[in-house]
Structures are given as C-alpha cells and as structure tokens.
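First comes the structure, then the notes that go with it.
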Amino acid sequence: MNLMFGYDATIFLVLIGSAIVMYAQYKVQSTFNKYNEMESQNRMSGRQAASQILQSADLNQVAVEQVAGHLTDHYDPRSKVLRLSQSTYNETSIAAIAVAAHETGHALQDKEGYAFLKFRSLIAPAAQIGSSLAVPMMLLGWVLNIFSLVNLGIIAFGLVLLFQVITLPVEFNASSRALTMLENQQLVTAEELPAAKKVLNAAAFTYIAATLNSALTLLRFILISRRRN
C-alpha cells in the first residue's frame, strides 16, 4: 500500500473533508444569492448599515471601504478598516446588510478587546508559517526517512487547525452581535430578521466545514506517519 500522499486507505478522509467544504460553499453561495435578490424594506445599503453601526458604537475612526471580489468582506484590525465587497457595499438587499453587520461585529470585538480575537491575532503568524511549511516538511521527512521532520510538519499543520478552531467563536460571536444590532437598530424589519439569520448561519457553516476538513487532513497525516513508523 502506498502511504504517501497518493492512493491509500486514508484517502476517504480527504474525500469526506472535500465534500463537506464543497457543500458549505454551495450553501453560502445559494443562500446569499437568494437573499441578495430580496430588497430590504428600508433600502439601506451595506455601506450605510455598517456606517450606522460603527457610529452608534463610537467607532468613527474605522473606515468603510469597497474591495474587489464577491464575498471578500473582512475587517482589518491593524489598519482599522472595514472592507466590503462589491456584492455588499452598494447593495440594499437583506444579504448585504447582514454581511455588513457581521463585519462590524469584528470591529466591535476589536474595540472591546475580545479574547478570542486577540488570541487569533497572536497565533496568526505561526499558523501562516505552518500552512506554508507543514506539507513540504512531511514530504521531505517521508522521502528521507527523517521522522522528526515529519513530526514537525504535523505540529505545524496542527497550528493551522488551532487557528481555525479559535476562529469559530470569533465568527459566531460576530454573527450574534450582528443579529442584535440588526434588530436593535432596526436595520431590518422583524419579518426580515430570519432571512438575515439564514445568511449568517450559512456563512458560519463555511468556517465549521473548513475546520472539519483540516481536522480530517491532520488525522490522515497522523495515520500515515504511524504506519510508516
């Protein structure tokens, strides 16, 4: 049996992880597209919704900018900039408002010093290095039969998984804040709130799927390493 990265009994772990990720991507795209066609009653754009939330939270120093791409929305805590994608910035749909509110949730986390956000920022550099070096180290270790190098690669990939695990409460909390702000500030009506929640839940599922995929991949690496040892 070939226990490298080709064909082996653990390949089903990769297939399961890939299927979960593809379904999550389909779910978020279909949900966003559905509610992006549903115009909000207040006709507020994603930019306007974000600006209103930031102003109410006394976060006037946070800029709201447009960024290229589809669903590339994110908050940059280093430059204090909230970047909304073309599918969110000027759109007045329920989906656009929900996504914008979610990203402002991250800005509120940053202002309050939310523990999981701070921890994620702390381990981000190590996770980036691990993402780049994990697989090359394991491959080289298996080729040269240097199992200490393989173990280092597994540890490096574990840092990637740790980063994703820490990301989950950050994203869930941002979505929870978004729903509260959408309701309290009447950015959407009571009838529109369930639709906004579906958009946020679909987006959250993509993070769960990515984490599960990484966990299954790490399990595969560990199984291969144990067999070769």
Side-chain angles (χ1 to χ4, degrees), residues 1-36 68-74 85 87 95 98-99 102-103 106 116 119-120 123-175 197-229:
M1 182 183 293
N2 180 10
L3 297 177
M4 295 297 288
F5 284 85
Y7 304 97
D8 63 85
T10 64
I11 193 68
F12 76 95
L13 295 172
V14 176
L15 297 178
I16 293 173
S18 298
I20 293 172
V21 169
M22 286 189 292
Y23 175 73
Q25 292 174 342
Y26 160 76
K27 187 67 176 178
V28 72
Q29 289 287 350
S30 60
T31 303
F32 182 87
N33 290 340
K34 177 181 179 179
Y35 294 109
N36 197 40
H70 177 64
L71 293 179
T72 51
D73 313 82
H74 64 278
S85 65
S87 54
V99 171
H102 173 88
E103 297 307 327
H106 290 307
F116 285 108
F119 186 36
R120 188 180 70 168
I123 67 172
Q128 290 175 349
I129 294 173
S131 178
S132 300
L133 298 181
V135 172
M137 281 195 295
M138 282 185 279
L139 280 172
L140 187 60
W142 278 317
V143 169
L144 301 178
N145 287 323
I146 304 175
F147 293 105
S148 59
L149 189 59
V150 174
N151 290 334
L152 284 175
I154 290 174
I155 292 172
F157 195 86
L159 291 173
V160 177
L161 178 58
L162 176 62
F163 178 83
Q164 291 176 314
V165 170
I166 296 301
T167 294
L168 293 179
V170 174
E171 296 300 327
F172 295 159
N173 179 263
S175 289
K197 186 174 182 179
K198 289 180 181 179
V199 173
L200 295 173
N201 286 343
F205 183 52
T206 62
Y207 292 97
I208 297 174
T211 303
L212 288 174
N213 184 44
S214 294
L216 291 172
T217 302
L218 180 60
L219 176 59
R220 185 188 184 213
F221 291 154
I222 293 172
L223 291 175
I224 293 175
S225 178
R226 290 182 61 183
R227 290 179 181 182
R228 290 184 63 83
N229 277 329

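For the numbers below, each heavy atom of this structure counts, side chains included, while hydrogens, waters and symmetry mates do not.
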Return all side-chain donor-acceptor pairs below 3.5 angstrom for residues 154-163, not counting sequence neighbours, or 'none' if the list is empty.
none

- For residues 9-26, which residue pairs qualify under side-chain hydrogen bond (donor to acceptor under 3.5 Å, both in side chains), counting only residues two or more places apart or in two chains? D8-T10, T10-R220
- Mind listing the closest non-hydrogen atom pair of A209 and I20 along with its distance? CB-CG2, 3.5 Å
- Message: Let me confirm one number: the OG1-CG distance from T211 to L168, rounded to the nearest 0.5 Å.
- Response: 4.0 Å
- CG of L219 to CD1 of I224, rounded to nearest 0.5 Å, is 10.0 Å
- Message: For a quick test of reading the model, state the closest non-hydrogen atom pair linking S87 to F32 and the distance between them.
- Response: O-CZ, 3.6 Å
- Note on the structure: So NZ of K27 and CZ of F205: to nearest 0.5 Å the spacing works out to 9.0 Å
- Could you give the distance from CG (L133) to CE (M138), rounded to the nearest 0.5 Å? 10.5 Å
- Message: What I want to check is whether the side chains of S85 and H70 have a donor and an acceptor closer together than 3.5 Å.
- Response: no
- Item | Pairwise distance CG(L149) to CH2(W142) - rounded to 0.5 angstrom | 10.5 Å
- Gap between atom NE2 of H102 and atom CD of E171 - 0.5 Å precision: 4.0 Å
- Message: Between T217 and N213 (side chain of the first, backbone of the second, donor and acceptor by atom type, cut-off under 3.5 Å), is there such a pair?
- Response: yes
- Closest approach of T31 and K198, non-hydrogen atoms and distance? CG2-O, 3.7 Å
- Looking only at atom types and distance, does a side-chain atom of T206 sit under 3.5 Å from a main-chain N or O of A202, one as donor and one as acceptor? no
- Min side-chain heavy-atom separation I166-I123 under 4.5 Å: yes
- Item | Residue pair Q29 / L71, side-chain heavy-atom distance below 4.5 Å | yes
- Query: Between the side chain of S225 and the main-chain N/O of F221, is any donor-acceptor distance below 3.5 Å?
  - Reply: no
